[in-house]
Each structure stands twice: as C-alpha cells, then as structure tokens.
Engineer: 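Sharing a structure here in structure tokens format.
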Amino acid sequence: MKITVLSLFPEYFEPLLRTSIIKRAKEKDLFEFETVNFREFTKEKHGHVDDTPYGGGAGMVLSCQPILDALKSVRTPRSKVILLTPQGDVFQQKMALDLSKEEHLIFLCGHYEGFDERIRDYVDLQVSIGDFVLTGGEGACMVICDAILRLIPGVIKQESSHDDSFSNGLLEYPQYTKPPVYEGKAVPEVLLSGHHANIAKYRHEQALIKTAKNRPDLLNDLDLSEQDQKVVDSILKNK
Ligand code: ADE
C-alpha cells in the first residue's frame, strides 16, 4: 500500500509517521507514504494556489491548475483518488477496510474556504469524517490514514482488529485489566473464571448492551437472533 497526500501543509503528517504503531509499521516498510505540496505546481507568477470566487463572496477558492497538475504527476491507472470534503460520503469502518486493500491511495486536502467545483470531476471518491467543518482536509486525512493503516496486515495483531467496534456491526465489549478491584469497582467475575465459552457469551451480550445503550441506530442494520433481540429489547425498554 502506498499513500500519497496532496497538501499545502505536508508537515501536518510528520507526527503521524513519527509516533507509536504507525511509526513502527513504517519502519517495517508495511506501507509507503509521501506528501506532495501542490504549491510547487502552480503556474501563477506569485506562487498563489487560490483566487477569489466567481460571483463574489467571502474567502478564497483553491484553483484547478496546481491541484490537478500535482494529481497528474502522481496518479497511475491503479490509484484511487479521494477528496476530503464535508460534502462527501461519511467515513466508516467498512470504508476503512475496503480502502486498506487498495494499492495506491491519493488524498487531496483542500484548505482555505474551499476548492473549485470542477476538481470533483477528477476524483474517485469524496469523503467526510463527519458533519462539521475543519480548516482543511489534513486533519480528516490523518484520521482516515490512521484507520486504514492499522488494518494493513502486520500493523497490529489480527485478533485486535477482529473485535473492533463496528467490525461486526456492534460496539466493542468492555475490557478490564489488573487490579481485580479498583476503588471498590470490581472486574466482572466471569472474566476471572478462565471459562472461554462463558467469557465469549458475556462479551457478546455486553457488546449488544453497549450498542443498544449508546448507538441503537447501529442495530437497524443487523439481523439479530431471537436471544440477542430479547437482550436488546430489555435495554431499550429501560432506557
Ligand atoms: N474538510 C473540512 N471539513 C471536513 C470534514 N468534516 N471531513 C473531511 N474533509 C473536511
């Protein structure tokens, strides 16, 4: 997997590559990462990459030429080009999993007030990380890269991502570590029992309970067993 980020602020991505799990994965060459500053591609004589909007209005708009020339310089027939925009499809775990299987991802990060609408015609996918507006696409791009990179084989232990929230449609079950009692709060007995079947049953039930309490909307997409439906109904009744 190779990731290319087109951005006016490549330094945004340095901490991501210098820290923790992503740093170790980079050192093991589990992925390639490059940034391209599209300012270097501008043909505007003062080095500008943006201009005032036609029709008037506040702010500046990123121009087609520098971004699309930068894109042409890195795109291959096997690249998938993603534009970060609050108007895009909302990023979710399923999208992270699909994108983690791609050979080459190119992210276009807008900045300032927005970009020329015609840029959308040159991308494969438009993605938002939620219903809010950031100062630029870099923050969103970092979130998305993190979620994708941890799914690349070898980056984290396979079992760790199996039980992730959303991967089976449910939020993840609660986890505990030592000590068994902290300030009077005890770890559930079953987790100390060593009985694997009971632990698996308990965790599944807790995942259902947590999802019903915190994100009941997720349950609409699931085909629950009769037993699971009973658990969910009892939570929703007492909510
Ligand atoms: N750029 C600005 N806001 C954004 C958002 N919410 N998601 C993706 N890109 C953005």
Side-chain angles (χ1 to χ4, degrees), residues 1-19 22 32-100 102 104-149 166 215 217-218:
M1 147 84 72
K2 177 174 175 183
I3 293 180
T4 303
V5 179
L6 306 194
S7 164
L8 290 172
F9 303 99
E11 63 273 18
Y12 247 97
F13 298 89
E14 288 165 14
L16 177 70
L17 299 169
R18 264 204 326 255
T19 313
I22 304 298
E32 274 181 76
F33 192 96
E34 66 176 3
T35 50
V36 173
N37 189 335
F38 53 82
R39 190 179 294 285
E40 288 166 16
F41 287 78
T42 186
K43 294 183 173 147
E44 202 280 330
K45 58 179 182 289
H46 302 293
H48 295 154
V49 289
D50 56 357
D51 213 329
T52 51
Y54 279 125
M60 301 290 273
V61 175
L62 287 170
S63 315
C64 290
Q65 182 272 317
I67 296 190
L68 296 178
D69 279 358
L71 178 58
K72 268 184 215 142
S73 78
V74 292
R75 188 176 210 167
T76 74
R78 290 199 294 274
S79 308
K80 183 147 199 143
V81 181
I82 299 163
L83 179 69
L84 284 323
T85 161
Q87 299 175 18
D89 296 339
V90 177
F91 186 66
Q92 293 190 336
Q93 192 65 17
K94 164 83 173 64
M95 201 192 282
L97 195 58
D98 291 344
L99 294 178
S100 72
E102 293 286 339
H104 184 207
L105 299 174
I106 302 176
F107 290 98
L108 304 189
C109 301
H111 222 87
Y112 308 133
E113 302 301 322
F115 37 75
D116 191 304
E117 188 68 14
R118 291 167 288 189
I119 291 172
R120 295 185 202 273
D121 296 342
Y122 295 80
V123 308
D124 299 310
L125 199 60
Q126 301 182 40
V127 180
S128 163
I129 60 162
D131 293 346
F132 43 82
V133 181
L134 303 166
T135 55
E138 285 80 4
C141 183
M142 241 187 305
V143 166
I144 291 171
C145 286
D146 185 294
I148 290 171
L149 290 172
F166 313 112
R215 289 291 304 277
D217 57 300
L218 295 176

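If you're wondering where the values come from, they're calculated on a predicted model, not measured in any experiment.
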Engineer: What pair of heavy atoms forms the shortest contact from Phe115 to Leu84, and how long is it?
Structural biologist: CE2-O, 4.1 Å
Engineer: Whether the side chain of Arg78 engages the backbone of His104 through a donor-acceptor N/O pair (distance < 3.5 Å, no angle test) should be reported.
Structural biologist: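 No, the answer is negative, given that no donor and acceptor are paired below the 3.5 Å cut-off.
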Engineer: Should Cys145 and Ile148 count as side-chain neighbours, where that means a heavy-atom distance under 4.5 Å?
Structural biologist: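 SC-SC contact between Cys145 and Ile148 ruled out.
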Engineer: Can you confirm whether Asp217 is buried at CG, in the sense that more than 12 heavy atoms of other residues, nucleotides or ligands lie under 6.0 Å from that atom?
Structural biologist: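 Above 12, so yes.
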Engineer: Mind checking the CZ-CG spacing from Arg75 to Leu68? Nearest 0.5 Å is all I need.
Structural biologist: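 Between Arg75 CZ and Leu68 CG, I get 9.5 Å after rounding to 0.5 Å.
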Engineer: Over 60° means perpendicular and under 30° means parallel, so tell me whether His46 and His48 are parallel, tilted or perpendicular.
Structural biologist: tilted
Engineer: Mind listing the closest non-hydrogen atom pair of Leu62 and Ile119 along with its distance?
Structural biologist: O-CD1, 4.3 Å
Engineer: Atom OH of residue position Tyr54 - does it have more than 12 heavy atoms of other residues, nucleotides or ligands inside 6.0 Å?
Structural biologist: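 Atom OH in Tyr54 is not packed in, count stays at 12 or less.
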Engineer: Mind running side chain to side chain contact (heavy atoms under 4.5 Å, CB included) on His111 and Val49 for me, showing each step along the way?
Structural biologist: CA-CA 10 Å; His111 222 87; Val49 289; over 6 Å; no
Engineer: The test is side chain to side chain contact (heavy atoms under 4.5 Å, CB included); show your working for Glu34 and Val74 and say whether it passes.
Structural biologist: CA-CA 10 Å; Glu34 66 176 3; Val74 292; 4.1 Å; yes
Engineer: As an exercise, state the distance from CD1 of Ile22 to CG of Asp146, rounded to the nearest 0.5 Å.
Structural biologist: 4.5 Å
Engineer: Quick one: do Thr35 and Tyr12 satisfy side chain to side chain contact (heavy atoms under 4.5 Å, CB included)? Show the steps, please.
Structural biologist: CA-CA 10 Å; Thr35 50; Tyr12 247 97; over 6 Å; no
Engineer: Which atoms form the tightest heavy-atom contact between Pro53 and Gly59, and what is the distance?
Structural biologist: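 Heavy-atom minimum between the residues: CD-O, 3.2 Å.
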Engineer: Quick one: pull up CG in Leu108 and CD in Gln126 and give me the separation to the nearest 0.5 Å.
Structural biologist: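 These two atoms lie 10.0 Å from each other.
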Engineer: What closest approach, in Å, do Asp124 and Val81 show between heavy atoms, and which atom pair accounts for it?
Structural biologist: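 Where Asp124 meets Val81 most closely, the heavy atoms are OD2-N, 2.7 Å.
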Engineer: Within the distance-only criterion (no hydrogens, no angle test), does the side chain of Thr42 pair as donor or acceptor with the backbone N or O of Glu44 below 3.5 angstrom?
Structural biologist: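 Checking the backbone N and O of Glu44 against the side chain of Thr42, a donor-acceptor pair under 3.5 Å is found.
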Engineer: Would you compute the distance between atom CZ of Phe166 and atom CG of Leu218 and round it to the nearest 0.5 angstrom?
Structural biologist: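 Answer rounded to 0.5 Å: 6.0 Å.
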Engineer: Can you give me the closest heavy-atom contact between Cys109 and Ser7, atom names plus distance?
Structural biologist: CB-CB, 4.2 Å
Engineer: Between Val5 and Phe33, is there a side-chain heavy-atom distance shorter than 4.5 Å?
Structural biologist: yes
Engineer: Please identify each residue that fulfils salt bridge (charged side-chain N to carboxylate O under 4.0 Å, His left out) with Lys45, with sequence neighbours left out.
Structural biologist: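 Partners of Lys45 by the salt bridge (charged side-chain N to carboxylate O under 4.0 Å, His left out) criterion come out as none, since no residue qualifies.
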Engineer: Atom CD in Glu138, atom CG in Leu8: separation rounded to 0.5 Å?
Structural biologist: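 Between atom CD of Glu138 and atom CG of Leu8 there are 7.0 Å.
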Engineer: When you measure from the side chain of Asp116 to the backbone N and O of Ser63, does any donor-acceptor pair fall under 3.5 Å?
Structural biologist: no
Engineer: Look at atom OH of Tyr122 and say whether more than 12 heavy atoms of other residues, nucleotides or ligands are closer to it than 6.0 Å.
Structural biologist: no
Engineer: From Ile82 CD1 over to Cys141 SG, what is the distance, rounded to the nearest 0.5 angstrom?
Structural biologist: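 Going from the CD1 atom of Ile82 to the SG atom of Cys141 covers 8.5 Å.
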Engineer: Looking at every heavy atom in both Lys43 and Gln65, which two are closest together, and how far apart are they?
Structural biologist: N-OE1, 3.0 Å
